[in-house]
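Okay, structure first, notes after.
What you are looking at is a predicted structure, and each value in this text was computed from that prediction instead of being measured. Atoms within each ligand, like the ligands themselves, are counted from 1 in listed order.
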Amino acid sequence: MELSTRITNITGGGSDGWGVFYRARQMRRDGVPVTELTIGEHDIGTDADILAAMHAAAVGGHTGYAEVPGIASLRSKVAARIQDRTGVPTTADNILITPGGQAALFAAHSAVCNQGDVALYIDPYYATYPGTIRAVGATARAIVTSPETAFQPSGAAIQAQAQDAVSLLINSPNNPTGAVYSHATLAGIADACQAHDLWLISDEVYDTQVWDGTHISPRSLPGMVERTLVVGSMSKSHAMTGSRVGWICAPAEVVTHLINLATHTTYGVAGFIQDAAEFALGQGDAVEQAVAAPFKRRRELTLQALAGQNVVRPLPVQGAMYAMLDIRATGLSGEAFANGLLDAEHIAVMPGESFGVAAAGHIRVAMTVDDDRYVAALKQLVRFAQAQVSQ
Ligand code: PLP
């Protein structure tokens, strides 16, 4: 008996660049005090008021099967949030509530890709992207960007790869690069989608974490509303990573089919989690800003800690909870640097190579430990980098 190639090929085989992360976890288990600047998990938990709303909903009886598309009031609230922020008319019929953004990415690709279709994504990429595309039976094809253009993809580069493609996946604000796509970048993307009749899957899970520039949802650009599926999540905006609640915003006909998919896969999201999400969204922008504030502050601390030297150069940290650092001046690969840093200083960062080929010679630092520890770690990191140059 054999397993399906669809499931055995999800990881794509080979090294995925996560060796440093797993090694750091093992060192911690062995009692070594490693400072982890690896994954995108807040250093605060979910707010106590949101947890109280979740508790009240569960105790109040919202523990049975919930409506599969999402409870009507939450769908409406998400629709209103999107309409307010983008100006695009949006109703509950445009919204499917999902168990987090990751399930939304899978559902969105399931909706638009047939077996063997080419689905485009941008390199550097969030770790699961190519695997998610392979998981729906499609062929993942990367559009490789460059640090010299701050990892903003060009319309021309997309068009050059789009002849036989059906979809394009983008992410702004971006993990891992911290880029926020400019209007010009998004206009180039919209042109490419229209010229090649591509679906656009726009992952906007970091939409509340913008430090420089403005978040523009490409669904709001001319001619895009009918071909765009937006992925959203409460994970990053409300520090609700473990609650697993997010959404897809798409044309109503697409949502009808996505509901069929949800009925046959997840069967929806727990009612008490949805009630808590509705409560959280009802708290307005203040809660989102409070959750984002530590990253905004640490973004400034990053720039200050790295000022006055040239060996470790930060890419513009425009959004999200990460800083992408160019360490090519050390002559090391991102992976060699990250391994050396872990051994010498007990600091764990992600090698750029974990996110594709475009970020080789870079490292990604998650700004997810308290300010003092964070600044101390950056200073150790610079010291380590300078020692490589003078060797
Ligand atoms: N998209 C991006 C770019 C992410 O960085 C993440 C998580 O780190 C996700 C989607 C998935 O988030 P979740 O499934 O928790 O909503």
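Near Ser233, the atoms of ligand 1 lying under 4.0 angstrom from a non-hydrogen atom of the residue are 13 (P), 16 (O). Taking every heavy atom of Gln102 and a limit of under 4.0 angstrom, the matching atoms of ligand 1 come to 11 (C), 13 (P), 14 (O).
Residue contacts with ligand 1: Arg244 is included, with a non-hydrogen atom under 4.0 Å away.
The CD atom of Gln380 sits 4.0 Å away from atom CD1 of Ile347, with the distance rounded to the nearest 0.5 Å.
In this structure, Leu169 is a member of the same hydrophobic cluster as Leu96, with clusters built from ILVMFWY side-chain heavy atoms closer than 4.5 Å.
Here Phe337 pairs with Phe384 under the ring pair (Phe, Tyr, Trp, His ring centres under 6.0 Å) rule; sequence neighbours left out.
The nearest protein atom to atom 2 (C) of ligand 1, hydrogens excluded, is given as Asp203 OD2, 3.4 Å; this is a heavy-atom distance. In this structure, atom 8 (O) of ligand 1 lies nearest to the protein heavy atom Lys236 NZ, 2.8 Å.
The N/O atoms of Gly101, backbone and side chain alike, include one that comes under 3.5 Å of an N/O atom in ligand 1. Between Asn171 and ligand 1, no N or O atom pair is found at a separation short of 3.5 Å. Polar contact check, Ser235 against ligand 1: a nitrogen or oxygen pair lies under 3.5 Å apart.
The existence of a salt bridge linking Glu335 and Arg23 is excluded, since no basic side-chain nitrogen approaches an acidic carboxylate oxygen closer than 4.0 Å.
Thr132 is not listed as a side-chain neighbour of Tyr121, based on a closest heavy-atom distance of 4.5 Å or more.
Residues His362 and Phe151 bring their aromatic ring centres within 6.0 Å.
Nearest-heavy-atom check against atom 6 (C) of ligand 1 across Trp247, Tyr125, Tyr129, Tyr126 picks out Tyr126.
Screening Lys296, Lys236, Arg81 for a salt bridge (Lys or Arg N to Asp or Glu O under 4.0 Å) with Glu288, the sole residue that qualifies is Arg81.
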